[in-house]
Amino acid sequence: MYDFKKIEKKWQNYWKEHETFKAITGGDKEKYYILVEFPYPSGAGLHVGHVRSYTALDSVARMKRMKGYNVLFPMGWDAFGAPAEQYAIKNHIHPKEAVKENIKTFKGQIESFGTSFDWSREFSTTDPEYYKWTQWQFLQFYKHGMAYKAKKNINWCPKCKTGLSNEDSSGGVCERCGSKVVQKEKEQWLLRMSDYAEDLINGLEDTKFADRVKLGQINWIGKSRGAEVDFKVDDEALTVYTTRPDTIYGVTFMVIAPEHPIIEKFADKIKNMDEIKEYREFAKTKTEFERTELAKDKTGVKIDGVSAINPVTGKEIPIWISDYVMMNYGTGAIMAVPAHDGRDYDFAKKFGIDIIPVIDGGDVSKEVYTGEGIYINSGILNGMLNKEEACAKMLEYLEEEGLGKAKVNYRLQDWIFSRQRFWGEPIPLVYCEKCGWVPVPDEDLPVLLPDVAEYEPTEDGESPLANIEEWVNTICPCCGGPARRETDTMPNWAGSSWYFLRYMDPKNDKEFVSKEALDYWGKVDWYNGGMEHTARHLLYARFWNQFLYNIGLVPNKEPIDVRVSHGMILGPNGEKMSKSKGNVINPDDIVKEYGADALRTYEMFIGDYEKDAAWSTNGLKGCSKFLDRIWKIQDKLNDKSGYTNETLVHQTIKKVSNDLENMKYNTAVSALMILLNDYEKYDSITKDDLRVLVHLLNPIAPHITEEINEVSSLGDALCESAWPIYDESKTVDSTFEMVIQVNGKVRGKAVMAADATKEQMETIAMDNENVKKFTSGKNIVNVVVIPNKLVNIVVK
RNA sequence: GCCUGAGUGGCGAAAUUGGUAGACGCACAGGACUUAAAAUCCUGCGGGAGUCAUAUCCCGUGCCGGUUCAAGUCCGGCCUUAGGCACCA
């Protein structure tokens, strides 16, 4: 046994003292930027799942350094947000104190894993020196007309008197007090992200994201092609959005969102205004949860006194309001085609509205037919067969008649950028009665959070900052008169939208990052994070960067080249780890009992990196045993040089190098196990044998390998030496086991020289006794010979 | 409902992309060492038939069908399961 506690500490100190992993901006070496998502430093400490992704990318970073790259592998903290704020409220301290504590814990843990982060570039999103630049960049959005204020519905807890994020109000109840959450209209800052919808789709072509990641982005943006069509209501046009203009002859009613402004416009004509107002209230108090989960049953109210004209048929049709139509998508109004849309069908059935089929699908078993077929009851479209052609023809007609136009819609909305919270970056704007909204001048940034330990939510849903008068009241930078600060803060996603840029130049107090650093480090070459962030965080970060690119502040439109996501580490029972289930594995306990190297090796060996994997302490023990055997193999050193099994060594160098580059960490470990198994067969091994083994294992188990390297005097410290190289010609065995098949079934094997000709292979194959049993008396129709592999004899 | 993966021994998983299915590890069983246990080392380990033992044969990668000399891998159709999005018109 070796004393892993002592040697892990020893080498961690060595790396710290030698600044082994410090990245220098500039120089002749080729740069390589590796990034893992920075954690939210919660009170719970790190999860064994963090160890998985940190170790995986650490092994790549360590190998790349040995290969001669200038590697940037930084770490920091994403520390704004609700948990720290709530913890602080409960304990009557400032959130920054809670954050400080948690960062200390987290950093100590990460250091104990031996991850080769460049700590000289560490920062937290909550550092004023950092959020100064987050605020500064927000002002760039503002100054370019990309930030605006608008009324929006937010999730509102009437008891806590605070706005909640969707995550904090899941199930329709407040996470903190359990009250029913309602929708409340509030002025919010928004960023014009929907303007970037098309660029965010197109930009994916300049990335090497996995297809599933790209698809996630594309789905989130939700592009759809269709048409806007005007339906006449008296002299007004009520515009709908539809992706199926070809079904317009089947429209039997219209539905508008409860909040649709046309109701106000026709207030004096609508006879059942009371009923409509009642429904509006009903829709408003319905929670997000009820709208999606419970409200499969359609509800709605027919507007009495106003109706619309189908622009194509000229027929008069009723207008309904219903919450299955959303105000924030399309135009907030739809033309309903109950014969060919499931939701419209449900609604029509419930309220007894006509259903007119316009496409004859020939399938009577389905009540709603959505596929293709012959157009019927459809005027100019009658007899057509193709959906695309029918849509095009109808669109052409609508445009000619001035009734509608082609329109592309996106599900992607503008980014609601306001939070009514204390613990976030203050939005750096000031409101002056005379001058309106005025940006805080650059020289006055950052707008610091006030240094108070007590803050209560306000009565009307404003940020807790609104109660802190001495902070709110300020002077207008424009006219010098009295003014009030914006009291909303930024969302958690803000700080994480550009942190990868700051790592390039983290101490800069003149700019958010220097041009030199941007030009040198360029894109993030390899970005790893959780699946849960591949949609939103990645989209926000790309949007933010594209904007910076468009105003000339960064050199690349796309900030990230490759994005990968790790699978979760589940509890031993195969379920997600959680305190309540009692299946949490604490990495600190494992490091104490088995050492960081064993934990790292096990987590790399556990299975496919991109898939979830259940924790197994027996599996961990197996890897711990492997390291013990590595330690013991030192006893077998002889004083010869060269490789005892040259072919296997070269094969292993190739395998491990490729596997680490391709996230196949589990097979990299198994290749090293195979090499060790081979060494154990010999009476003695050379220093070259041992050195190549510890070198290849070093990225995964860096402490024990450095120690062996030193104790057995194999050469320079591994972290300061070059990665082994292999010779392709030496990876090939001199012989191979030829497989002999008859009709595709293995009937014999023979050892052959690697350079055996096809003829030689065939001759030996035909001569095999067992093979003869299956070929004798049969016609040989074909013989397939694959050099270096097999012979397949086809008989009849 | 839509989109994306995934189904291989008792378990975690491999399989150079069409060429020996189950590498490597865990668990288990037998043996060595030990007074004993732990640790360590050796051997075996998909199922079945067969043999004293070998040899050898049959079946086997969720299910059904297809392409091919050859299919875990490719094609068509199902089933199960995980994740993401969702009255998005």
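Below, chains carry the letters A, B, ... as their sequence lines are ordered, and counting in each starts from 1.
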**Item:** Given B:U56, B:U20, B:A86, the nucleotide with the shortest approach to the side chain of A:Arg411
**Value:** B:A86
**Item:** Chi angles and distances behind the salt bridge (Lys or Arg N to Asp or Glu O under 4.0 Å) call for A:Asp628, A:Lys625
**Value:** CA-CA 5 Å; A:Asp628 289 343; A:Lys625 212 160 81 179; over 6 Å; no
**Request:** Check whether any side-chain nitrogen or oxygen of A:Lys664 sits under 4.0 Å from OP1 or OP2 of B:A15, and answer yes or no.
**Result:** yes
**Item:** Salt bridge flag under 4.0 Å for residues A:Lys632 and A:Glu680
**Value:** no
**Contacting residues from residues 778-791 of chain A, given that a heavy atom lies under 4.0 angstrom of RNA chain B** = A:Val784, A:Ile786, A:Lys789, A:Leu790
**Prompt:** Under a 4.0 Å N-O cut-off, is there an ion pair linking A:Lys664 with A:Asp608?
**Reply:** no
**Asked** Using atom C1' of each nucleotide, how far apart are B:U73 and B:A14 to the nearest Å?
**Response** 14 Å
**Message:** Does B:G25 have OP1 or OP2 under 4.0 Å away from a side-chain N or O of A:Asn677?
**Reply:** yes
**Message:** Using the C1' atom as the point on both nucleotides, what is the distance between B:C63 and B:A38, in whole Å?
**Reply:** 48 Å
**Prompt:** Do the side-chain N and O atoms of A:Ser684 and A:Tyr679 include a donor-acceptor pair separated by under 3.5 angstrom?
**Reply:** no
**Request:** Dot-bracket notation for RNA chain B is requested: 5' to 3', Watson-Crick or G-U wobble pairs only, both distances under 3.5 Å, with ( ), [ ], | and . as defined.
**Result:** (((((((..(((......[....))).(((((.......))))).((((......))))..(((((..]....))))))))))))....
**Complete:** Regarding the side chain of A:Met673, the nearest nucleotide among B:A14, B:G19, B:C24 is B:C24
**Message:** Measure CD/A:Gln651 against P/B:C24 and give the value in whole Å, please.
**Reply:** 14 Å
**Message:** For the CE atom of A:Met394 and the CG atom of A:Asp246, what is their distance to the nearest 0.5 Å?
**Reply:** 8.0 Å
**Where the chi angle of B:U17 falls, syn if within 90° of 0 and anti if not** = syn
**Fill in**
So side chain to side chain donor-acceptor pair (under 3.5 Å) across residues 404-415 of chain A, not counting sequence neighbours, yields A:Tyr148-A:Asp414, A:Ser194-A:Asp414, A:Glu198-A:Tyr410, A:Glu228-A:Lys405
**Pair A:Glu259 + A:Arg280: basic N to acidic O under 4.0 Å** = no
**Request:** Report the distance from atom OG of A:Ser378 to atom CD1 of A:Ile359, rounding to the nearest 0.5 Å.
**Result:** 7.0 Å
**Prompt:** Could you give all pairs that pass the salt bridge (charged side-chain N to carboxylate O under 4.0 Å, His left out) test and reach residues 735-752 of chain A, with sequence neighbours left out?
**Reply:** none
**Asked** Should the pair A:Trp493 and A:Tyr540 be assigned to parallel (<30°), tilted (30 to 60°) or perpendicular (>60°) ring geometry?
**Response** tilted
**Item:** Pairwise C1' distance, B:G72 and B:C57 [rounded to whole Å]
**Value:** 23 Å
**Item:** Nearest-neighbour nucleotide for the A:Asn219 side chain, B:C3, B:G25, B:A89 considered
**Value:** B:C3
**Message:** Between A:Asp297 and A:Lys350, does any side-chain N to carboxylate O distance fall below 4.0 Å?
**Reply:** yes
**Asked** Just checking A:Gly622: base, sugar-phosphate only, or nothing, at a heavy-atom cut-off of under 4.0 Å?
**Response** sugar-phosphate
**Prompt:** Taking CD from A:Glu532 and P from B:C85, how many angstroms apart are they, rounded to a whole number?
**Reply:** 11 Å
**Message:** So does A:Lys214 get a backbone contact from the side chain of A:Gln217, meaning a donor-acceptor N/O pair under 3.5 Å?
**Reply:** no
**C1' gap between B:C26 and B:G77, integer Å** = 38 Å
**Item:** Distance in angstrom units between A:Leu620 CG and B:C26 C1', rounded
**Value:** 12 Å
**Item:** Salt bridge A:Glu610-A:Arg212, side-chain N to carboxylate O under 4.0 Å
**Value:** yes
**Message:** Nearest 0.5 Å, please: how far is CG in A:Asp727 from NE2 in A:His650?
**Reply:** 6.0 Å
**Request:** Rounded to whole angstrom, note down the P distance from B:U17 over to B:G12.
**Result:** 27 Å
**Prompt:** Since syn is defined as within 90° of 0, does B:G77 count as syn or as anti?
**Reply:** anti
**Separation of B:G1 P from A:Tyr324 OH (nearest whole Å)** = 19 Å
**Prompt:** Out of B:A89, B:G19, B:A15, which nucleotide sits closest to the side chain of A:Met326?
**Reply:** B:A89
Below 3.5 Å between N/O atoms, which protein atoms pair up with nucleotides 39-48 of chain B? Just atom names and distances, please.
none

**Message:** I'd like to know whether NZ of A:Lys576 has more than 12 heavy-atom contacts from other residues, nucleotides or ligands below 6.0 angstrom.
**Reply:** no
**Asked** Does a nitrogen or oxygen in the side chain of A:Arg212 sit under 4.0 Å from OP1 or OP2 of B:C3?
**Response** no
**Request:** Write down the distance separating the P atoms in B:U40 and B:G47, rounded off to the nearest Å.
**Result:** 26 Å
**Message:** Whether the A:Tyr241 and A:Ser224 side chains hold a donor-acceptor pair (N or O, under 3.5 Å, no angle test) is what I'd like checked.
**Reply:** yes
**Item:** Nearest-0.5 Å distance that lies between atom CD1 in A:Ile606 and atom CH2 in A:Trp615
**Value:** 7.0 Å
**Message:** By the 4.0 Å heavy-atom rule, please label A:Asn328 as base, sugar-phosphate, or nothing.
**Reply:** nothing
**Request:** With heavy atoms under 4.0 Å as the rule, sort A:Asp211 into base, sugar-phosphate or nothing.
**Result:** nothing
**Asked** For RNA chain B, whose closest nucleotide is more 5', that of A:Ala671 or that of A:Tyr241?
**Response** A:Ala671
**Asked** Just how far, in rounded Å, is P of B:G84 from CG of A:Leu539?
**Response** 17 Å
**Prompt:** Once you round it to whole Å, what is the distance between P of B:U20 and CE of A:Met752?
**Reply:** 17 Å
**Asked** According to a strict under-4.0 Å criterion, is A:Tyr329 in side-chain N/O contact with OP1 or OP2 of B:A89?
**Response** yes
**Prompt:** Which nucleotide in the set B:C58, B:U20, B:C87 lies at the smallest distance from any side-chain heavy atom of A:Asp323?
**Reply:** B:C87
**Asked** Between B:C24 atom P and A:Leu697 atom CG, what is the distance in whole Å?
**Response** 18 Å
**Asked** Looking for any heavy atom pair under 4.0 Å, which part of the strands does A:Phe347 touch: base, sugar-phosphate only, or nothing?
**Response** nothing
**Fill in**
Among the nucleotides B:C87, B:G19, B:U20, whichever has the atom closest to the side chain of A:Val739 is B:U20
**Polar side-chain contact A:Lys621-B:C26 base: donor and acceptor under 3.5 Å** = no
**Asked** Can you tell me how far P in B:G5 sits from the matching atom in B:C64, rounded to whole Å?
**Response** 25 Å
**5′-ward residue of the pair A:Glu737/A:Gly332 relative to RNA chain B** = A:Glu737
**Prompt:** What interatomic distance, in whole Å, is found between P of B:U80 and the corresponding atom of B:G62?
**Reply:** 16 Å
**Prompt:** Regarding A:Arg563 and the six-membered ring of A:Tyr527, is the cationic atom NZ or CZ under 6.0 Å from the ring centre and inside 45° of its axis?
**Reply:** yes
**Prompt:** Whole Å only: how far is the CG atom of A:Asn792 from the C1' atom of B:C69?
**Reply:** 5 Å
**Message:** Which residues in residues 599-616 of chain A have a heavy atom closer than 4.0 Å to any atom of RNA chain B?
**Reply:** A:Phe605, A:Ile606, A:Asp608
